[in-house]
Amino acid sequence: MIDLHCHSNFSDGGHSPAELLVLAAEGGVKTLALTDHDTVSGVEEIRGLAGNHAIEIINGIELSAKWKKYDLHILGLGIDIFHRGLQELIRQHRESRISRAEIMGERLAAATGLQHTFERAGEIAGHDSIGRPHFAAVLLEAGKVTTLQEAFVRYLGKHRVAYVPGMWQPLEEIISVITAAGGVAVLAHPFKYRLTRMKLHELIRIFRESGGYGLEVVSGYTTPGEALELAGLCRKFDLYASTGSDFHMAGVSRVAPGRQLALPDDCVPVWQGW
Ligand code: AMP
Ligand code: MN
Ligand code: MN
Ligand code: MN
């Protein structure tokens, strides 16, 4: 089993790299990419521990990207995590996350009366790669919501009061940095952006023209019908197919590491030739 998309507590996942490896081994995973949001800080740790489970590690990251008014997620697989351009991009995104989180804190204070959510989100995260899930945890802890999901529905989701779009680098720049770092760029969960079919096709065409390599045909929330449609888009746009659980946390994520659907038969996988 191969899982090329999952998160640890170096971004918004609930588990350390060590715990993640145990769950991946239980899911029969033989090849794993840790793809934390805008950071590679967990990669060396997971690489150092993976041998104990006979799991091969592919270096990875899930980079936020801007395309038109949309916030997209691009997986970088097989990257050199020490590449200078990549390190610089990560630094820019870390700063963007902090500025954005400060504004989110102000909006949440105005909307809920709860003070210091920015500081508390940072404490909960334990690192600088602060994201909306950390604010959701703050709201839950303070009793402002009863579930993490409710925090997104009421405050943090798109168009809600505390939603602040990210100041990410443009899609084309993200793809070019991933490629310069020796990796391949994969458009993560293409149906999650709620684009019309026309917009989605436009995005995939531009992604391909900008050096994009693959589509994530199967993710944790993909239905069999969606997987078939995405496999068709791989053929249409001459792209490779990727698969990953997008696992974040036991009890929260629907699919555990390695437990996502199988790729449709006629896909050419991104790992062909690795
Ligand atoms: P951010 O990168 O700060 O915009 O946070 C995005 C992350 O929030 C995603 O990677 C998911 O882990 C999580 N997320 C986004 N939307 C929801 C939602 N509706 N419910 C739960 N988690 C969500
Ligand atoms: Mn996430
Ligand atoms: Mn994502
Ligand atoms: Mn993800």
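Atoms within each ligand, like the ligands themselves, are counted from 1 in listed order.
- Side-chain contact annotation: E150 with T146, donor-acceptor N/O pair under 3.5 Å present.
- Every heavy atom of H7 sits 4.0 Å or more from the atoms of ligand 1.
- Considering backbone and side-chain N/O atoms, R97 comes within less than 3.5 Å of an N/O atom of ligand 1.
- At the shortest separation from atom 8 (O) of ligand 1 among protein heavy atoms lies P133 CG, 3.3 Å.
- The ring of H73 has its center closer than 6.0 angstrom to the ring center of H37.
- Looking only at atom types and distance, the side chain of E62 has a donor-acceptor partner in the side chain of H7 under 3.5 Å away.
- Applying the ring pair (Phe, Tyr, Trp, His ring centres under 6.0 Å) test to residues at least two apart or on different chains, the pairs with a partner in residues 103-147 are H127-H134.
- E62 does not count as a contact of ligand 1, since none of its heavy atoms falls under 4.0 Å from the ligand.
- Remark: ligand 1 and K192 share no N or O pair separated by less than 3.5 Å (distance only, no angle test).
- Using modelled atom types and a 3.5 Å distance limit, the side chains of S129 and D38 yield no donor-acceptor pair.
- Protein heavy atom at the shortest distance from atom 22 (N) of ligand 1 is F152 CE1, 3.3 Å.
- Applying the ring pair (Phe, Tyr, Trp, His ring centres under 6.0 Å) test to pairs two or more places apart or on separate chains, those with a residue in residues 212-231 are Y213-Y240.
- Contact annotation: D12 has at least one heavy atom less than 4.0 Å from an atom of ligand 1.
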Distance-only donor-acceptor hits, side chain of residues 79-87, under 3.5 Å, sequence neighbours excluded:
| residue | atom | partner | partner atom | Å |
| --- | --- | --- | --- | --- |
| D80 | OD1 | F82 | N | 2.9 |
| H83 | ND1 | G85 | N | 3.1 |
| H83 | ND1 | L86 | N | 3.2 |
| H83 | NE2 | A180 | O | 3.4 |
| Q87 | NE2 | I81 | O | 2.7 |

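- Near G131, meaning under 4.0 Å from any of its heavy atoms, are these atoms of ligand 1: 3 (O).
- Using a non-hydrogen distance threshold of 4.0 Å, S64 does not register as a contact of ligand 1.
- In this structure, H5 has its ring center at least 6.0 angstrom away from the ring center of F247.
- Under the 3.5 Å distance criterion, with hydrogens and angles disregarded, no donor-acceptor pair is assigned to the side chains of E216 and T243.
- Side chain of R94 to main chain of D128: no donor-acceptor pair is present (N/O by atom type, distance under 3.5 Å, no hydrogens or angles).
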Under the criterion side-chain hydrogen bond (donor to acceptor under 3.5 Å, both in side chains), I'd like the reasoning laid out for N9 against S16: C-alpha separation, chi angles, the key distance, then a yes or no. CA-CA 5 Å; N9 54 10; S16 65; 5.1 Å; no
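- In the model, D12 has a side-chain atom that pairs as donor or acceptor with a side-chain atom of H248 under 3.5 Å.
- Sorted by chain and number, the protein atoms of type N, O or S within less than 2.8 Å of the Mn ion (ligand 4) are H5 NE2, H7 NE2, E62 OE1, D246 OD1.
- Selection from H37, H93, R100 by nearest heavy atom to atom 1 (P) of ligand 1 gives R100.
- In this structure, atom 6 (C) of ligand 1 lies nearest to the protein heavy atom R132 NH2, 3.7 Å.
- Between Q149 and ligand 1, an N or O atom pair is found at a separation short of 3.5 Å.
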